K.L.:
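Right, I'll just put the structure down here and ask away after.
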2 protein chains.
Amino acid sequence: MFSKACEYGIKASIFIAINSYEGKRVSPKEIAKEINSPQAFTAKILQALVRHKVINSVKGAYGGFEVNKNELKYIKLSQIVKAIDGDNIYNGCGLGLEKCDENHPCPVHEKFKNVRDELKQMLENTSLEDLALDIKSGVSFLKA
Amino acid sequence: MFSKACEYGIKASIFIAINSYEGKRVSPKEIAKEINSPQAFTAKILQALVRHKVINSVKGAYGGFEVNKNELKYIKLSQIVKAIDGDNIYNGCGLGLEKCDENHPCPVHEKFKNVRDELKQMLENTSLEDLALDIKSGVSFLKA
DNA sequence: TATAAATAGGATAAATATATCCGAAATAAA
DNA sequence: TTTATTTCGGATATATTTATCCTATTTATA
Ligand code: FES
Ligand code: FES
């Protein structure tokens with residue numbers, strides 16, 4: 001469904017969000033440990049998220065990754081996925097035709113569209129705040 | 001969403017189904033042309049589908065790939081996807097945790113489950129016959 | 001039985017995704 | 001201003017997916 005990079009990106013963003021509630025910045029090392037991911041690879045993904053302005057980074061001593069806690073409720077899962085995996089999953093054809101076209105549909109178009117749109121809605125309606133609060137309250141987990 | 005191999009496998013199966021209605025067997029060459037895929041790679045995927053008994057092959061002169069036309073309505077998209085991509089998309093965790101566990105859910109579990117289950121329903125309820133008939137009647141298309 | 005036609009399957013190549021490493025640049029504090 | 005700390009970014013390595021090629025095996029028919 002999502003690439004490894006995207007999975008790491010989502011989990012990393014949630015962990016950053018949790019710490020930003022408390023005004024704490026976190027490093028790739030802490031993040032990788034907490035979400036059980038390869039550190040250097042995770043760092044690369046964080047860079048991409050910074051470039052796409054999903055999260056913010058501060059270089060140098062006492063730096064790290066953070067996110068404005070007032071924006072947490074406006075940062076949606078869809079932004080993270082789009083930044084890392086692109087928008088093929090939202091708009092692309094399920095059977096890989098060059099483009100998904102109502103007027104030239106692939107065999108699964110009508111049925112696939114429903115699933116794809118529900119996924120889209122889900123990602124667009126889920127904020128980093130929603131996810132971070134569930135982790136904080138122990139309802140969900142970032143690693144096994 | 002699906003691997004390239006899986007996309008080719010689905011489209012190939014549909015084309016085979018259409019021809020099997022008319023008692024015709026088809027070759028990887030014809031299939032690849034019709035679904036716009038690399039021929040040798042497509043042949044490998046067909047082998048896998050034969051091993052998983054989704055389609056049938058006949059070697060030698062006048063041979064080719066076919067599927068029992070009386071079974072077309074019982075062959076579901078889910079069988080093809082499972083044969084090629086495995087069942088991770090049905091049962092796996094959306095964020096890559098080792099397993100999807102109600103009692104130890106990842107942050108997106110509750111919301112992801114709905115989408116995943118709808119996809120599963122869709123694949124299990126769609127038969128090769130449904131898809132083949134739409135192609136035959138010109139409602140949908142196998143390539144751009 | 002010999003021949004031609006077709007799938008099966010192993011070996012290999014190319015492309016992409018995943019992962020690691022290291023030096024450069026930026027920044028806070030001593 | 002120097003030092004320690006931390007992200008940035010390029011180069012490289014590994015694994016997986018996608019794709020190609022060639023030979024073996026099977027089969028219908030002449
Ligand atoms: S054309 Fe394939 S999903 Fe729309
Ligand atoms: S635990 Fe992640 S989807 Fe169920």
Side-chain angles (χ1 to χ4, degrees), chain A residues 1-13 15-16 19-20 23-33 35-67 81 83-86 88-89 95-96, chain B residues 1-13 15-16 19-20 23-33 35-67 81 83-86 88-89 95-96:
Chain A
M1 182 76 79
F2 306 121
S3 68
K4 278 285 164 199
C6 191
E7 291 175 0
Y8 298 152
I10 292 170
K11 290 187 276 195
S13 298
F15 181 64
I16 294 167
N19 282 276
S20 290
K24 278 191 291 187
R25 293 172 185 153
V26 286
S27 66
K29 188 175 177 178
E30 295 172 89
I31 296 170
K33 187 184 169 195
I35 70 175
N36 192 32
S37 69
Q39 180 179 328
F41 188 49
T42 305
K44 281 269 184 286
I45 297 159
L46 293 168
Q47 285 182 37
L49 290 174
V50 170
R51 274 197 303 274
H52 283 86
K53 300 188 194 308
V54 174
I55 60 177
N56 183 244
S57 71
V58 178
K59 280 185 182 179
Y62 294 80
F65 294 88
E66 63 182 13
V67 47
V81 173
I84 300 172
D85 280 353
N88 201 276
I89 202 163
L95 292 187
Chain B
M1 183 73 80
F2 306 119
S3 68
K4 277 287 166 196
C6 193
E7 291 174 1
Y8 298 152
I10 293 170
K11 289 188 277 193
S13 298
F15 181 64
I16 294 166
N19 282 275
S20 291
K24 278 192 290 186
R25 293 172 184 152
V26 286
S27 66
K29 188 175 177 178
E30 294 173 89
I31 296 169
K33 187 183 172 195
I35 71 176
N36 194 30
S37 69
Q39 180 180 328
F41 188 48
T42 305
K44 281 270 186 284
I45 297 159
L46 293 169
Q47 283 180 38
L49 290 175
V50 170
R51 274 196 302 276
H52 283 86
K53 303 189 192 304
V54 175
I55 59 176
N56 182 245
S57 70
V58 177
K59 278 184 178 178
Y62 292 82
F65 294 89
E66 63 182 11
V67 48
V81 173
I84 301 173
D85 279 353
N88 201 276
I89 201 162
L95 292 187

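Small disclaimer: the values here were computed from a predicted structure and weren't measured. Naming convention: chains lettered A, B, ... in sequence-line order (proteins, then strands); numbering from 1 in each chain.
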K.L.:
Select base, sugar-phosphate, or nothing to describe what A:Arg25 touches, counting heavy atoms under 4.0 Å on all strands.
P.N.:
nothing
K.L.:
If you pin B:Ala40 and A:Pro28 to their nearest nucleotides in DNA chain D, which one's is more 5'?
P.N.:
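Looking at the nearest nucleotide for each, A:Pro28 comes out on the 5' side.
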K.L.:
Just by modelled atom types, is the A:Ala32 backbone N or O under 3.5 Å from a matching donor or acceptor in the A:Asn36 side chain?
P.N.:
no
K.L.:
Nearest whole Å is fine: how far is C:dC21 P from A:Phe41 CZ?
P.N.:
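In whole Å, C:dC21 P lies 15 Å from A:Phe41 CZ.
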K.L.:
A:Lys4 NZ to C:dA19 P: how many Å, rounded?
P.N.:
7 Å
K.L.:
Is a side-chain N or O of B:Arg25 found less than 3.5 angstrom from the main chain of B:Val58, in a donor-acceptor match?
P.N.:
no
K.L.:
Just so I know, are the side chains of A:Val50 and A:Phe65 near enough to count as touching, which here means a heavy-atom distance under 4.5 Å?
P.N.:
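With C-beta onward as the side chain, the pair touches.
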K.L.:
Please determine whether a side-chain nitrogen or oxygen atom of B:Arg51 lies at a distance below 4.0 Å from atom OP1 or OP2 of C:dA8.
P.N.:
no
K.L.:
Indicate yes or no: does A:Lys33 engage A:Glu30 in a salt bridge with an N to O separation below 4.0 Å.
P.N.:
no
K.L.:
Is any side-chain nitrogen or oxygen of A:Ser57 closer than 4.0 Å to OP1 or OP2 of D:dC8?
P.N.:
yes
K.L.:
Tell me whether the OP1 or OP2 atom of C:dT18 has a side-chain N or O from A:Tyr8 closer than 4.0 Å.
P.N.:
no
K.L.:
Could you tell me the separation between the CD1 atom of B:Ile84 and the C1' atom of D:dT18, rounded to a whole number of Å?
P.N.:
13 Å
K.L.:
D:dT16 P sits how many Å from B:Asn88 CG, rounded?
P.N.:
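Those two atoms, CG and P, are 14 Å apart.
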K.L.:
I need the OH-C1' distance between B:Tyr62 and D:dA30, as an integer number of Å.
P.N.:
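From B:Tyr62 OH to D:dA30 C1': 10 Å.
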K.L.:
I want to confirm an ordering. Mapping B:Ala61 and A:Gly60 to their closest nucleotides on DNA chain C, which one lands closer to the 5' end?
P.N.:
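Going by which nucleotide is closer to the 5' end, it is B:Ala61.
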K.L.:
With sequence neighbours excluded, tell me which residues meet side chain to side chain donor-acceptor pair (under 3.5 Å) with A:Ser37.
P.N.:
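Result, side chain to side chain donor-acceptor pair (under 3.5 Å) vs A:Ser37: A:Thr42.
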K.L.:
Could you state the CD-P distance from B:Gln47 to D:dA19, rounded to the nearest angstrom?
P.N.:
16 Å
K.L.:
Can you figure out which of D:dT7, D:dG10, C:dT7 approaches the side chain of A:Ser27 most closely?
P.N.:
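Per side-chain heavy atoms of A:Ser27, the pick is D:dT7.
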K.L.:
Please report the distance, rounded to the nearest Å, between CD1 in B:Ile16 and C1' in C:dA6.
P.N.:
14 Å
K.L.:
Could you tell me how far apart B:Lys59 (NZ) and D:dA28 (P) are, to the nearest whole angstrom?
P.N.:
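Going from B:Lys59 (NZ) to D:dA28 (P), I get 12 Å.
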